[in-house]
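Atoms considered below: every heavy atom in the structure, side chains included; atoms not considered: hydrogens, waters and symmetry mates.
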Amino acid sequence: MTSPVLAAKLHKQLHAFSLDVEFSLLPGETLAILGPSGSGKSMTLRMIAGLVKPEKGEVRLGERSLLDTARGLDCPPHKRRIGYVFQHYALFPHLTVEANITYGMPRRYTRQERRRRAQDLLAEIRLEGFAGRYPSQLSGGQQQRVALARALAAEPELLLLDEPFSALDVELRGELEDAVLRFREVYHLPYILVTHNLEEAYRLCDNLVLLENGRVLQQGQKDQLLGSPQSLAVAQKLGVRNFWQGQVTRREADGGWVKVAALGQELWVSRLPSVDLVWLGIRPLAAELRDPAQPGTKNMIPVHIIRRVHGVRSHTMVLSPVAAGSQRLEIEVPAHMPYGESSSVYLPPEKLFAIPLK
């Protein structure tokens, strides 16, 4: 069995709540801690980095124990070999770009080696020729790329990204995301990203931890979480906007039927919990707009399109099932997809999820 490259279990009493988190990372994996502002995301990173000490906790990085409050062990931040990229760059304003990058490099390098390594990193972040500039002479996106290069220059065993894109516009976010993904391919460095943006977390990370008021709601591989949320709160945070109460009417080996009064029909669902009363849900991207179905097709709902919200890459459709009156359903379709005023929606059984009704 592969040993985790990082294992963290932390408890910290904050003003409004207790922060309790526990997770691990396998070699080569990346993790996003996702949650609203004030949920404890950044505090978790600070405790891993050694900038804040928890009341109780353990942090292991590879074979090294960095924190064990039960044994009184607390490795200082500069010895943890953890790189940290802050939300607002945190570059030294009185140092040049090159000096910022070389600042944290291991002392075993000669001056010439440090300069050569800085030049290599500047080339990787596409800022050749900027070595002699100061942070005040750079744009926000350039400063954040320098901050990323500085963190990597220290040759860390783990990289922590504390909402590094939140202060940037859309174009600059894309550039920095590309830089992070390139570095991942080159260095195979595990990292933890703190964000409140689900799309960002999905693009950049393998695993998700959903955090709210210091409590982990659910964690795991990203596609597993998206396909099988364990509670209504988790489903809502993962972008699900279609929910209906349902009652399981019949079970079979590979699924079962759920009666959904709000949609005026029974739906076939591939995975069901052991209870009979459930919340049934589906993500807007998982539903499919189709031409009117042939009689007898499972999970096909005749609908009227009542509103369209046009986007650049996709359109959101607000639909009204023909048999359900005022009940509404939201789906997303590619922007180029043709559609008529009356059509049908197909709800794939494997994309529907059922959560026990509480």
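Sorted by first and then second residue, the ring pair (Phe, Tyr, Trp, His ring centres under 6.0 Å) pairs with a member in residues 137-174 form an empty list; sequence neighbours excluded. Counting only residues at least two apart or on different chains, the side chain to side chain donor-acceptor pair (under 3.5 Å) pairs with a member in residues 40-58 are Ser42-Asp162. Screening residues 122-147 for salt bridge (charged side-chain N to carboxylate O under 4.0 Å, His left out), with sequence neighbours left out, gives Arg145-Glu175.
Between Glu212 and Lys237, at least one side-chain nitrogen of the basic residue sits less than 4.0 Å from a carboxylate oxygen of the acidic one, meeting the salt-bridge criterion. Ion pairing between a basic and an acidic side chain is recognised when a charged N comes within 4.0 Å of a carboxylate O; Arg173 and Glu199 show no such pairing. Ion pair Glu266/Lys259 not flagged as a salt bridge, since none of the NZ, NE, NH1 or NH2 atoms sits closer than 4.0 Å to an Asp/Glu carboxylate oxygen. The pair Arg250-Glu252 counts as a salt bridge, with a side-chain nitrogen and a carboxylate oxygen less than 4.0 angstrom apart.
In terms of heavy atoms, Phe92 sits closest to Asn100 at N-OD1, 2.8 Å. Here the closest non-hydrogen pair linking Met105 and Tyr109 is CB-CD1, 4.5 Å. Considering all non-hydrogen atoms of both residues, Val345 and Ala287 come closest at CG1-CB, 4.1 Å. Of all non-hydrogen atoms in Ser228 and Arg271, the two that sit nearest each other are OG-NH2, 3.6 Å. Here the closest heavy-atom approach between residue Ile82 and residue Pro156 is recorded as C-CB, 3.9 Å. Scanning all heavy atoms of the two residues, the minimum distance from Pro321 to Ile301 falls at CB-CG2, 3.9 Å.
In this structure, Ser39 contributes its side chain and Asn213 its backbone to no donor-acceptor pair below 3.5 Å. Proximity of a side-chain donor or acceptor of Gln143 to a complementary backbone N or O of Gly140 within less than 3.5 Å is not detected. Within the 3.5 Å criterion, the main-chain N or O of Thr316 finds no donor-acceptor partner in the side chain of Arg308.
One distance of note links OH of Tyr202 with CG of Leu34; it measures 13.5 Å at 0.5 Å rounding. Separation of atoms CG (Leu31) and CG (Leu160) is listed at 10.5 Å; rounding is to 0.5 Å. For the atom pair Leu181 CG and Glu185 CD, the distance stands at 7.0 Å (nearest 0.5 Å). In this structure, Leu19 CG and Leu211 CG are separated by 6.5 Å, a value rounded to the nearest 0.5 Å. Here SG of Cys205 is found 11.0 Å from CD of Glu29. Values are rounded to the nearest 0.5 Å. Expressed to the nearest 0.5 Å, how far CG of Leu347 lies from CG of Asn242 amounts to 8.0 Å.
By the 30° and 60° cut-offs, the orientation of the rings of Phe86 relative to Tyr84 is parallel.
Annotation for Trp268: hydrophobic cluster partners, listed by chain and number, are Trp257 (ILVMFWY side-chain heavy atoms under 4.5 Å, direct or chained).
Listed by chain and residue number, nothing satisfies the side-chain hydrogen bond (donor to acceptor under 3.5 Å, both in side chains) test with Lys351 (two or more places apart in sequence, or in another chain). The side-chain hydrogen bond (donor to acceptor under 3.5 Å, both in side chains) test applied to His11 returns Asp20, not counting sequence neighbours.
Using a 4.5 Å heavy-atom threshold, the side chains of Tyr346 and Leu289 count as separate. In this structure, the side chains of Leu208 and Gln219 stay at 4.5 Å or more apart for every pair of heavy atoms.
Other residues, nucleotides and ligands contribute over 12 non-hydrogen atoms within 6.0 Å of the CZ atom of Phe130.
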May I have the step-by-step check of side chain to side chain contact (heavy atoms under 4.5 Å, CB included) for Arg203 and Lys222, ending in yes or no?
CA-CA 10 Å; Arg203 286 193 298 268; Lys222 59 185 179 184; over 6 Å; no

